[in-house]
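Each remark here refers to the structure printed beneath this line.
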Protein chains: 2
Amino acid sequence: MYYLYNFGSATLVELSTYQGVEKPTITRTMNRLEEMGYVKQVPSEDKREKPMQLTELGVQIYKEVRLTIDEFEENILKGISEEEQIEVIRIMGEIRNHIFQRGDS
Amino acid sequence: MYYLYNFGSATLVELSTYQGVEKPTITRTMNRLEEMGYVKQVPSEDKREKPMQLTELGVQIYKEVRLTIDEFEENILKGISEEEQIEVIRIMGEIRNHIFQRGDS
DNA sequence: ATAATAAAGTTACCCAGGATAACTATTACC
DNA sequence: GGTAATAGTTATCCTGGGTAACTTTATTAT
């Protein structure tokens, strides 16, 4: 969801494409985030679109969560050398390519 | 679910422990598998317990699915050397240990 | 310029798979 | 024999995914 943090604002279709999810799913999620005050609508030229962006609260929460995740990752990877991490990421990437090269999943 | 294939039979609590899931979840799943004819109840000493085992149909289906999965895995791992696979598994294991060594998740 | 088509969202459903709380029936234990 | 614990079930809730059908607005083609 917090594609918005890095891209500023995005329409629902953008988000659903990014997330690999159908439009109604994003609609629902966004409604909830809006109710929770983490996200708000911004005006748009095209009256079909409904671009959203994070509120100040949303940004704040995002940063907190981001921090928690980063700390968690750091803890989890303690004792795994950088070369090892790179190796694993490389191999996983290869596997992913194999998956995508034969009907999606 | 197909812990049953390798262990012959198991009670619902056994299965829920194995799967890391609550009892009602297993109850529901087992009811569905039973309706589908993949699993049946076996008699038990302890009248509280309800040990289940695969039916012939269940075994057959299990083998088919197993085969499909194995083929998929093989395809996906094509081009990844055995040493690489072992390395990745080792590192993932380390990470898992780190996760478990600090409150579950 | 208008009619047809496409795109963005929304609404009303459905489904799977997880959870809790509260309960019954059976067995174990003091 | 009465209290504890254990196995399972029922009812209900939640999340996060999906499809189908619809409206509103833009785009495209005639």
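Every chain is numbered from 1, with letters handed out A, B, ... down the list of sequences.
When distances are taken from the side chain of B:Thr25 to each of D:dG8, D:dA5, C:dA19, the shortest belongs to C:dA19. The side chain of A:Lys50 has C:dT10 as its nearest neighbour among D:dG8, C:dT10, D:dT25. Taking every side-chain heavy atom of A:Lys23 into account, C:dA8 is the closest of C:dA19, C:dA8, C:dA25.
The separation between A:Arg32 atom CZ and D:dG17 atom P is 11 Å, rounded to whole Å. Here D:dC14 presents its P atom at 18 Å from CD of B:Glu22, a figure rounded to the nearest Å. For A:Met36 and D:dT15, the CE to C1' distance is 12 Å, given to the nearest whole Å. The CD atom of A:Glu49 sits 16 Å away from the C1' atom of D:dT23 (whole-angstrom rounding). In this structure, the CE atom of A:Met30 is 16 Å from the P atom of C:dA8, given to the nearest Å. Between the CZ atom of A:Arg48 and the C1' atom of D:dC22 there is a distance of 16 Å, given to the nearest Å. Distance CD (B:Gln19) to P (C:dG18): 7 Å, rounded to an integer number of Å. The interatomic distance linking B:Leu15 (CG) with D:dA7 (C1') rounds to 12 Å, in whole Å.
In plain terms, the two heavy atoms of A:Lys23 and A:Ser16 that are nearest each other are CG-OG, 4.1 Å. When every heavy atom of A:Ile99 is checked against every heavy atom of B:Phe72, the shortest pair comes out as CG1-CZ, 4.5 Å. For the pair B:Lys50 and B:Leu12, the tightest heavy-atom approach, listed with the atom from each and the gap, is O-CD2, 3.9 Å.
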Close N/O contacts between protein and nucleotides 11-14 of chain C (under 3.5 Å):
none

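C:dT27 is unpaired under the Watson-Crick or G-U wobble criterion, no partner having all donor-acceptor distances under 3.5 Å. Pairing for C:dC15 goes to D:dG16, judged as Watson-Crick or G-U wobble with the two contacts each under 3.5 Å.
Looking at B:Lys40 and B:Glu56, a side-chain N of the basic residue comes within less than 4.0 Å of a carboxylate O on the acidic one, giving a salt bridge. A salt bridge does not link B:Glu74 with B:Lys78: none of the charged nitrogens is closer than 4.0 Å to a carboxylate oxygen. Using a 4.0 Å cut-off between a side-chain N of Lys or Arg and a carboxylate O of Asp or Glu, B:Arg90 and B:Glu87 qualify as a salt bridge.
D:dA4 adopts a syn glycosidic conformation, its chi angle falling within 90° of 0.
One N or O on the side chain of A:Gln85 and one on the backbone of A:Ile80 form a donor-acceptor pair closer than 3.5 Å.
Each of B:Ala10 and A:Asp46 was matched to the nucleotide of DNA chain D holding its nearest heavy atom; the match closer to the 5' end belongs to B:Ala10. In terms of position along DNA chain D, the nucleotide closest to B:Pro51 lies nearer the 5' end than the nucleotide closest to the other residue of the pair A:Gly20 and B:Pro51.
Contacts of A:Thr11 with the nucleic acid, taken as non-hydrogen atoms under 4.0 Å apart, involve only primed sugar atoms and P, OP1 or OP2. Counting any heavy atom pair closer than 4.0 Å across all strands shown, B:Glu14 reaches no nucleic acid atom. Within the nucleic acid shown, B:Glu45 comes within 4.0 Å of sugar-phosphate atoms alone, with no base atom in reach, counting heavy atoms only.
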Derivation of the side chain to side chain contact (heavy atoms under 4.5 Å, CB included) call for A:Tyr62 and A:Asn6: CA-CA 11 Å; A:Tyr62 172 75; A:Asn6 304 292; 4.1 Å; yes

